[in-house]
Number of protein chains: 2
Amino acid sequence: MSRCEQCIARQLNSMKTLTKEELRDVAACKRTLYFKKGEVIFGENELLSGVYCVREGICKMIKLSANGKDHTVKLMGKGKLIGQRSVISEERTHLSAVALNDVELCYVPKDQILGNIKSNQEFSFNVLQNLAQDLREAEGDLINMAQKSVRQRLAEALTYVSKTFGETEDGYLNVKLSREDYASIVGTATESAIRILSQFKKEGLISTSGKRIKIEKLKELERVE
Amino acid sequence: MSRCEQCIARQLNSMKTLTKEELRDVAACKRTLYFKKGEVIFGENELLSGVYCVREGICKMIKLSANGKDHTVKLMGKGKLIGQRSVISEERTHLSAVALNDVELCYVPKDQILGNIKSNQEFSFNVLQNLAQDLREAEGDLINMAQKSVRQRLAEALTYVSKTFGETEDGYLNVKLSREDYASIVGTATESAIRILSQFKKEGLISTSGKRIKIEKLKELERVE
DNA sequence: AGAAAAACATGACAATTATCATAGTTTAAA
DNA sequence: TTTAAACTATGATAATTGTCATGTTTTTCT
């Protein structure tokens, strides 16, 4: 009952370079897993025996800190591969993966992935390009953290969520994140995130309905100082 | 007159997985370049036609910011490959590379590198593992920036420089960095870096002689709060 | 629908970090 | 060796961000 050929993920990541036969082998050993909002897919310092491909929903990659306030390093939406880095470098995980909402994941054993890396040149190069891209993004985030204010970072987080995960017909962000989530992404205290979002509201840059957020002035938000 | 076989860099990066023949081809098209302290190897948003391998000296990868204060993303010592990411992802550079002291670089055209990636599975996988490693480090830096104080980050920068580039027989750091350099690495104002280094001195964690720095109490420095 | 829990909001204050100013030191170049 | 330039040092003050406390609103669960 393998349907890897039609899987959305195949359109979105390195899997698209696999041949029909390779894909059939992946399908043969994959498993579909479901996690509810808040459930932990894996923790820090774990050995992974495979990678997870996000088929539905969003996961957050987080790092716990001493004071209990964790930092969200990145959000993984549809088609993203989780655990790829750890499997490739054969190290333990250094981040946890947590379901941000209800998610459906496709689990592929690492031997299958590594096997394809060794045997399929195109797949291997595609994974390489993906990692290079991830690296660029990580360095970009690092620079943002170093050079921009909390206010700027929060504005960017909003536009990022809008662009990456889209908006409903009435203009609200598709993804519901709590203020605490935003604080964790931006790297600030929850109260600071709340305060700044309140400012954005007063300035008319965004509006809210409950915890739903709507970006009113994208251009201005992108130019926040 | 190719001496790639003996090159120090061959011990330290993916080049070590190349066959004798491949290495000979690399040697045939490589060029050795020299840059004096402060000279720019390449700037931001440039297209690279090859990668640079550090044979002697240290380069810093920096990102310019609006206010003129740039951020040092990483230091590249002996054996590190500069520009690898941009060449692999076929994007423009997003960082500049600047000589931190006098450096000797080995330039290898990108076709040579990409060719080896396509043809030598072991080389390709090694590059993959290197990128995965770089990614882990970048994410680690991001988390440090988000979760730690300037004081903690500066303490880490000192131990990092000590571990990575070593010390002279009399215990001073091999690499001479200005306070401004440290500030740029840590992501803070130069005055703040100066102030905190002064504190470290008062606390006996380090001592200085001119701009040379000696770590006196490594353990305590690693545990700075 | 109603109660409990979670999330949001905001004030007051503290801590950290940045900025500006000014002076002393070290380094490097003439 | 002298002299300018660069770097280091430190105080005073401002700006940003974090913490604690408290009350309100929204969501969730029964």
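By convention in this document, chain letters (A, B, ...) are assigned in the order of the sequence lines, proteins followed by strands, and residues within each chain are numbered from 1. As a basis for the values below, the full set of heavy atoms in this structure was taken, side chains included, without hydrogen atoms, waters or symmetry mates.
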State the OH-CD1 distance between Tyr182(A) and Ile194(A), to the nearest 0.5 angstrom.
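Rounded to the nearest 0.5 Å, the OH-CD1 separation comes to 13.0 Å.
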With rounding to the nearest 0.5 angstrom, report the NZ to CD distance, Lys148(B) to Glu225(B).
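Separation between the atoms: 10.0 Å.
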Let's see if you can work this out: which of [options] has an atom nearest to the side-chain heavy atoms of [X]?
X	options	answer
Glu191(B)	dA7(C), dA21(D), dC20(C)	dC20(C)
Val150(B)	dT17(C), dT17(D), dT8(D)	dT17(C)
Thr188(A)	dT17(D), dC20(C), dT8(D)	dT17(D)
Ala189(B)	dA18(C), dT10(C), dC7(D)	dA18(C)
Ile194(B)	dT10(D), dC8(C), dT19(D)	dT10(D)

Give a yes/no on whether any side-chain N or O of [X] is located under 4.0 angstrom from OP1 or OP2 of [N].
X	N	value
Ser149(B)	dT16(C)	no
Lys201(B)	dA9(D)	yes
Arg151(A)	dT16(D)	no
Lys148(A)	dT17(D)	no
Thr190(B)	dC7(D)	no
Ser198(B)	dT10(D)	yes
Ser192(B)	dA18(C)	yes

Round to a whole Å and report the spacing from [atom1] of [X] to [atom2] of [N].
X	N	atom1	atom2	answer
Leu154(B)	dT16(C)	CG	C1'	15 Å
Tyr182(A)	dA7(C)	OH	P	15 Å
Glu225(A)	dA18(C)	CD	C1'	17 Å
Lys69(B)	dA18(C)	NZ	P	7 Å
Ile206(A)	dC8(C)	CD1	P	12 Å
Ile213(A)	dT26(D)	CD1	C1'	14 Å
Met145(A)	dT17(D)	CE	P	12 Å
Gln199(B)	dG11(D)	CD	P	11 Å

Can you confirm whether Gln152(B) is buried at CD, in the sense that more than 12 heavy atoms of other residues, nucleotides or ligands lie under 6.0 Å from that atom?
yes
On a plain distance test, is the side chain of Arg195(B) in donor-acceptor contact with the base of dG11(D) below 3.5 Å?
yes
Which part of the nucleic acid does Lys176(A) contact within heavy-atom distance under 4.0 Å: base, sugar-phosphate only, or nothing?
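It contacts nothing in the nucleic acid.
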[X] and [Y]: which non-hydrogen atoms are nearest, and at how many Å?
X	Y	value
Thr188(B)	Ala193(B)	CG2-N, 4.2 Å
Gly50(A)	Tyr107(A)	N-OH, 3.4 Å
Lys217(A)	Glu203(A)	NZ-O, 4.3 Å

How do Lys37(A) and Arg153(A) order along DNA chain D: which one's closest nucleotide is nearer the 5' end?
Arg153(A)
